[in-house]
Amino acid sequence: MDLLEYQAKQLFHEMGIPVLPSQQINHPQDLKGLKIPYPVVLKSQVYTGGRGKAGGIRFVENTIDAVAAAQTIFNLPITGMYPAVLLAEAKYDADRELYLAVILDWSARRPLLLGSQRGGVDVEATIGAMQQVVVDQEFSPFYARRLALKMGLQGELIRSVSAILEKMYQLFLQKDLDLVEINPLAVSSAGELMALDGKITANDDALGRHSDLATLQEKIPHQIKTKMLPRDLADTTLVELEGNIGILCNGAGLTMTTLDLVYKAGGRPASFLNLGSEYRHNNSPEVLRERIQRGLELMMQSKNLKVVLVNTLGNVMLCRQTAEAIATHLQHQAGSRVVPFVVRLVGDQFDEARQMLRTLNLPLFHNLDEAIAEAISLSK
Amino acid sequence: MDLLEYQAKQLFHEMGIPVLPSQQINHPQDLKGLKIPYPVVLKSQVYTGGRGKAGGIRFVENTIDAVAAAQTIFNLPITGMYPAVLLAEAKYDADRELYLAVILDWSARRPLLLGSQRGGVDVEATIGAMQQVVVDQEFSPFYARRLALKMGLQGELIRSVSAILEKMYQLFLQKDLDLVEINPLAVSSAGELMALDGKITANDDALGRHSDLATLQEKIPHQIKTKMLPRDLADTTLVELEGNIGILCNGAGLTMTTLDLVYKAGGRPASFLNLGSEYRHNNSPEVLRERIQRGLELMMQSKNLKVVLVNTLGNVMLCRQTAEAIATHLQHQAGSRVVPFVVRLVGDQFDEARQMLRTLNLPLFHNLDEAIAEAISLSK
Amino acid sequence: MVQGITEPLGSIYAPLMQVYGGQILAGISPGHGGQQLEGIPVFDLVEQALLSVGVVDTSVIFVPPYQVLDAALEAIAAGIRQLVLVTEGVPPMDMMHLCRVAEASETLVVGPNCPGIIVPGQILLGTHPAEFYTPGTVGLVSRCGTLTYEVARELSQAGFGQSIALGIGSDRIIGSTFQQWLQILDEDEQTEAIVLVGKIGSDSEEVAARYIIEAIDKPVVAYIAGRTLPQSQYTGHAGAVVSSQIAGLGDEIGTAESKIAALKQAKVPIAERPSQLPDLLKQVLKSSTKTSAKS
Amino acid sequence: MVQGITEPLGSIYAPLMQVYGGQILAGISPGHGGQQLEGIPVFDLVEQALLSVGVVDTSVIFVPPYQVLDAALEAIAAGIRQLVLVTEGVPPMDMMHLCRVAEASETLVVGPNCPGIIVPGQILLGTHPAEFYTPGTVGLVSRCGTLTYEVARELSQAGFGQSIALGIGSDRIIGSTFQQWLQILDEDEQTEAIVLVGKIGSDSEEVAARYIIEAIDKPVVAYIAGRTLPQSQYTGHAGAVVSSQIAGLGDEIGTAESKIAALKQAKVPIAERPSQLPDLLKQVLKSSTKTSAKS
């Protein structure tokens with residue numbers, strides 16, 4: 001889960017990382033009660049980079065300009081997203097701009113400290129000058145100093161920048177974050193540091209133990225005027241595509257394989273739904289059946305849909321629940337538009353499931369390649 | 001630093017450990033605004049055990065009784081201490097009472113979980129049935145379950161009690177505590193848990209990084225009508241004794257040795273002051289001189305004082321600062337009561353110090369046994 | 001041993017594992033000590049179980065995600081050096097911690113979010129549906145869940161039984177790598193050829209391909225899922241991109257193309273579909289027999 | 001190496017250590033890299049210093065109390081396996097953490113709150129006033145600070161030079177025990193007899209006495225400070241009492257009586273005053289020569 005800039009800065013502030021005085025603007029009229037002295041920066045709060053270039057960041061000198069600028073920004077989509085909130089912030093004179101981040105190195109299975117002396121808007125330059133330090137044992141502040149030195153910092157900045165990194169790491173660890181980034185971290189001519197922009201990505205699997213982060217998501221009014229982007233395959237969200245075959249599978253690998261085989265055989269998927277792996281701790285027959293039924297309903301909303309291909313395999317409960325869910329679905333659909341089903345079910349309770357589906361006259365397959373061939377022929 | 005019961009319970013509450021609704025009473029009249037329904041328990045907030053037996057805990061049924069009881073408790077010393085605050089708390093029906101604690105095992109250099117099924121007022125029984133678990137690696141909740149099982153708990157209590165222990169451990173670790181104790185932890189007939197009394201000792205060396213704990217100490221109005229208890233020798237507090245020789249040393253071991261030798265040779269110390277070891281990070285000549293001078297001033301307040309024995313040895317700055325401080329002290333004292341000094345100084349800058357003290361006509365020794373003999377002969 | 005035996009998944013799979021022939025000596029579930037589950041004694045604590053049942057090689061863990069780290073540390077503290085974490089959704093921070101402890105204590109951790117290990121005909125440590133597996137000489141190591149079953153089924157139907165089959169876990173941070181298991185299978189006497197099943201995302205297959213070039217003598221064939229998925233649907237957040245870029249891995253890491261190119265460089269034949277794997281196996285086993293005959 | 005060389009204590013003692021003959025190769029002080037202190041080059045980071053000066057055996061740490069843990073972990077991560085922590089006031093939680101890491105990495109930690117180690121005439125790693133020490137054959141291990149100097153001075157004046165002298169630290173949690181150092185001195189070829197200096201509080205001397213019975217062959221004499229101090233002035237809080245009681249140690253642990261009794265049981269002669277130690281040494285060395293002559 002990505003946090004918006006103003007939410008990230010709230011966390012920075014709580015952790016003692018210096019941020020500028022700022023105010024959340026939900027509506028252009030809010031600027032009339034602004035408590036920060038002008039000049040002020042107005043920033044579009046969207047989950048994406050490149051706001052500056054897109055015109056989502058504007059400097060204003062007085063209330064009239066500010067209200068006008070806010071109206072413009074509220075109506076400016078950035079990579080398809082409209083802001084629900086703006087951030088009004090004091091201006092800051094930076095002498096230099098650094099980049100700092102703490103991320104998870106998935107491959108090394110260790111946290112990684114990142115830093116560059118070339119922070120700011122030019123991502124290419126930032127990445128080109130990027131230094132990294134792997135936190136291979138339990139964190140201690142010397143890892144942060146190690147990065148500061150690698151970045152080429154000297155004198156008092158070694159201590160002050162590593163102190164900021166230390167706090168970023170604490171935040172990272174305490175809140176189970178995937179990413180905490182300050183870019184730019186401004187250095188004033190007096191050597192003072194200020195986090196001018198920040199990005200935090202919380203780990204979705206850990207949100208359950210951080211109610212404060214979970215509620216942040218709810219606080220944002222959902223005015224984002226765009227279609228939801230497809231989620232990770234591990235999720236059970238229905239992903240819509242351009243074709244006419246609806247695909248329902250269990251497990252990411254199996255779902256991807258089924259899609260691959262359909263494409264390869266000349267079919268065109270309309271959508272796919274991954275029921276998820278079998279390894280969810282709280283999987284229950286009821287939850288599973290519910291998920292299948294809701295997935296099928298969503299799938300039916302596509303007007304292009306010509307056939308549904310169900311491919312599930314596994315142990316225990318799965319086959320029976322799948323068969324039951326399909327049966328229930330077909331009963332509910334009775335009378336309305338009828339989309340043919342091709343069902344491939346393999347697993348322990350196959351016989352029982354086969355019995356159930358046979359009474360519904362559904363073609364039933366053991367072999368995946370055959371099921372796919374059948375689905376494609378029905379979709380033509 | 002010991003916290004009072006109501007302060008400990010505040011921390012328990014923040015950590016999610018269940019405590020009863022309660023209210024802090026600074027004055028008997030506060031009870032007129034009590035928001036907790038009667039019957040209520042009034043508890044003297046003093047840093048000591050055995051309050052119940054001493055009459056410091058009273059059950060009251062209405063406001064009139066409560067005000068009267070509060071007046072009694074405010075005026076009741078418990079082991080010499082008067083409460084500055086009472087705690088008014090709801091009553092609770094306990095089915096069983098457990099004891100739980102997390103402490104530092106100084107010898108094993110590891111935290112220790114303690115638990116007993118016989119909590120409550122009978123300390124002997126509690127200790128007799130005490131179980132312990134050493135946390136030998138990084139803490140994980142299974143250590144808490146290990147204790148719960150050793151205590152002989154069964155069924156749901158294993159989970160619920162170890163969940164409380166987990167929170168106690170988090171508190172212990174986060175706040176650098178020497179001790180966190182819940183006694184008793186009440187178990188209701190429905191199996192619910194409630195911390196009825198609690199004790200927290202914060203580590204003095206770590207208070208500098210826990211401003212929240214450090215300020216708790218300041219919040220208590222200093223109405224404790226008793227002399228301060230002697231502090232640990234590592235502290236620079238003057239400790240008063242019954243004799244007539246004032247002793248000033250640097251380092252706990254050397255101070256104890258000097259005391260031992262004085263007693264053994266038939267002398268009687270009036271007081272002693274340990275200047276502390278040489279290993280304080282921020283030792284500076286100014287701080288050291290200031291400490292010696294203030295120590296000597298305190299020492300002079302004793303009317304029995306007949307002689308001051310100074311025994312310091314070490315490296316660098318020490319001898320010079322000691323000599324300078326004594327000289328300054330004697331100048332200030334000029335005219336008032338003159339107490340003779342016996343000075344034993346050994347160290348790098350001895351010659352310089354000797355020069356300075358010789359002009360003051362002070363007897364000066366290299367050898368400790370000789371210095372002590374001289375001090376005792378002057379005290380007779 | 002099964003930790004979390006009274007949890008939903010544990011109570012389903014522990015009896016299946018017991019029936020399959022693996023000796024499930026004990027189940028663990030705090031608060032349920034003294035009970036039995038289909039003949040398996042349940043204990044409150046791992047060390048308590050060990051006192052009663054003696055030495056345990058492996059613990060299969062089904063506890064809820066936020067309790068996995070604790071259960072694993074409990075097992076390690078009790079001296080168990082092989083863990084299978086089935087549960088999905090363990091926070092990465094917990095896995096990082098666990099990996100550090102596992103490395104220090106030389107504990108082999110499989111998972112999380114995985115079907116575990118099966119030695120067909122002998123022992124089941126996880127959730128593999130027994131009916132899809134037959135004993136044989138093909139080692140199967142996979143980064144997927146149900147797709148592993150699919151591949152095993154294809155192999156079994158074509159007469160290729162399995163020596164060991166396992167899923168190492170679908171999560172981004174998992175306890176053991178393709179490399180570790182390729183090495184184990186390379187050294188395993190029962191194993192004659194290895195099937196590697198991967199999917200898009202992460203650099204696991206790329207690293208495995210480099211390892212195959214360096215250290216693996218037995219023939220390897222592979223299948224990669226997700227070749228037709230549009231890229232935008234699986235790339236991670238900016239941090240991951242930065243991470244792979246600065247690690248010198250380039251932008252393309254994690255795509256099917258990158259994985260297939262790396263495996264081709266390691267001379268690993270890649271199946272177009274799971275049902276093609278038996279044919280590839282026949283080819284590599286034939287040529288490897290020839291090679292051995294020559295040498 | 002000296003960590004915290006620009007700190008108040010570091011800047012006083014590092015030059016004294018340098019003068020004494022120990023090779024102070026480098027000082028560490030973040031933000032001061034590139035400077036020099038009386039000819040000692042200063043670096044920002046330990047690993048940076050090692051690149052420049054090569055192998056370092058020991059680091060003496062003078063940084064402020066809350067930075068000691070980090071400095072020690074930095075030194076351990078850089079491969080240094082002997083640490084002297086001079087600073088007083090390190091929080092116990094930090095020391096517990098450090099002790100765990102030190103045990104795992106086999107690092108010898110002296111201190112905190114200690115004068116460090118001196119090998120008279122050769123090397124000074126800490127704050128011992130050089131003038132009180134002379135080279136010789138008595139090993140001196142102490143749980144005190146300035147009292148160690150006092151004892152060394154008495155020994156030197158009586159003609160008993162020291163092979164090694166050290167204070168293991170006055171804090172309640174310290175990095176190395178009397179036992180570890182008794183063993184080192186027992187094995188040290190230069191050392192013929194051992195002087196142990198203790199004080200009331202903790203169970204260090206009691207445990208050391210048991211260890212002397214079990215494992216120490218060389219003669220040991222002892223001095224214990226605090227025999228006349230009223231008990232109430234040093235006993236800790238309730239938790240500590242509970243702790244020693246349930247550990248089966250009884251109420252009396254930590255008193256001078258308890259320590260003296262334990263040492264007497266280990267046949268360790270106990271001096272009434274520091275100035276008596278030389279006499280006791282003469283006696284034990286005489287009888288030990290007799291014993292050796294016999295055997």
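Each chain gets a letter, A, B and so on, in the order the sequences are listed, and its residues count up from 1.
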Is it the side chain or the backbone of [X] that comes within 4.5 Å of chain B heavy atoms, both, or neither?
X: Val63(D); answer: backbone
X: Pro274(D); answer: side chain
X: Val90(D); answer: backbone

Kindly compute the distance separating [atom1] ([X]) from [atom2] ([Y]), expressed to the nearest 0.5 Å.
X: Ser275(D); Y: Leu368(B); atom1: OG; atom2: CG; result: 7.5 Å
X: Trp106(B); Y: Met96(D); atom1: CH2; atom2: CE; result: 8.5 Å
X: Glu150(D); Y: Asn311(B); atom1: CD; atom2: CG; result: 6.0 Å
X: Met256(B); Y: Ile224(D); atom1: CE; atom2: CD1; result: 10.0 Å
X: Met93(D); Y: Asp176(B); atom1: CE; atom2: CG; result: 5.0 Å
X: Asp136(B); Y: Arg100(D); atom1: CG; atom2: CZ; result: 9.5 Å

*Is any side-chain heavy atom of Tyr279(B) less than 4.5 Å from a side-chain heavy atom of Thr87(D)?*
no

*Could you check if a side-chain atom of Arg109(B) sits within less than 4.5 angstrom of a side-chain atom of Glu103(D), using non-hydrogen atoms only?*
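Arg109(B) vs Glu103(D): side chains touch.
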
_Looking at Gly226(D), is its backbone amide N or carbonyl O close enough to the side chain of Asp260(B) to form a donor-acceptor pair, meaning the two atoms are under 3.5 Å apart?_
yes

*For Leu313(B), does its backbone N or O pair with a side-chain atom of Thr146(D) as donor and acceptor, under 3.5 Å?*
no

_For the residue pair Thr257(B) / Tyr223(D), report whether a side-chain donor-acceptor contact shorter than 3.5 Å exists._
yes

Heavy atoms only, distances under 4.5 angstrom: which of [options] has the most pairs with chain B? Name it, please.
options: Pro112(D), Cys99(D), Ser142(D), Ser204(D); answer: Cys99(D)
options: Gly10(D), Pro64(D), Gly145(D), Cys144(D); answer: Pro64(D)
options: Asp171(D), Thr148(D), Ile174(D), Val151(D); answer: Ile174(D)

*Measure Asn203(B) against the heavy atoms of chain D and call it side chain, backbone, both or neither at under 4.5 Å.*
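Only the side chain of Asn203(B) comes within 4.5 Å of chain D.
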
_Need one label for Leu207(B): side chain, backbone, both or neither, based on atoms under 4.5 Å from any heavy atom in chain D._
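Contact with chain D is through the backbone of Leu207(B) alone.
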
*Evaluate the criterion side chain to side chain contact (heavy atoms under 4.5 Å, CB included) for residue pair Ile173(D) and Arg110(B); output intermediate values, then yes/no.*
CA-CA 9 Å; Ile173(D) 295 196; Arg110(B) 293 289 191 273; over 6 Å; no

_Pro91(D) to Asp205(B) - nearest heavy-atom pair and separation_ =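 In this case the closest contact between Pro91(D) and Asp205(B) is CG-O, 4.2 Å.
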
*Please report the closest heavy-atom contact between Asn367(B) and Arg153(D), naming both atoms and the distance.*
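The answer is N-NH2, 4.4 Å.
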
*List the steps and the verdict of salt bridge (Lys or Arg N to Asp or Glu O under 4.0 Å) for Arg172(D) and Asp178(B).*
CA-CA 11 Å; Arg172(D) 287 193 284 185; Asp178(B) 285 351; 3.7 Å; yes

_Just checking Arg227(D): does its CZ atom have more than 12 heavy atoms from other residues, nucleotides or ligands closer to it than 6.0 angstrom?_
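For Arg227(D), atom CZ is crowded (more than 12 foreign heavy atoms under 6.0 Å).
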
_Top contributor to chain D contacts, counting heavy-atom pairs under 4.5 Å, from Pro269(B), Cys249(B), Gly251(B), Gly208(B)_ = Gly208(B)

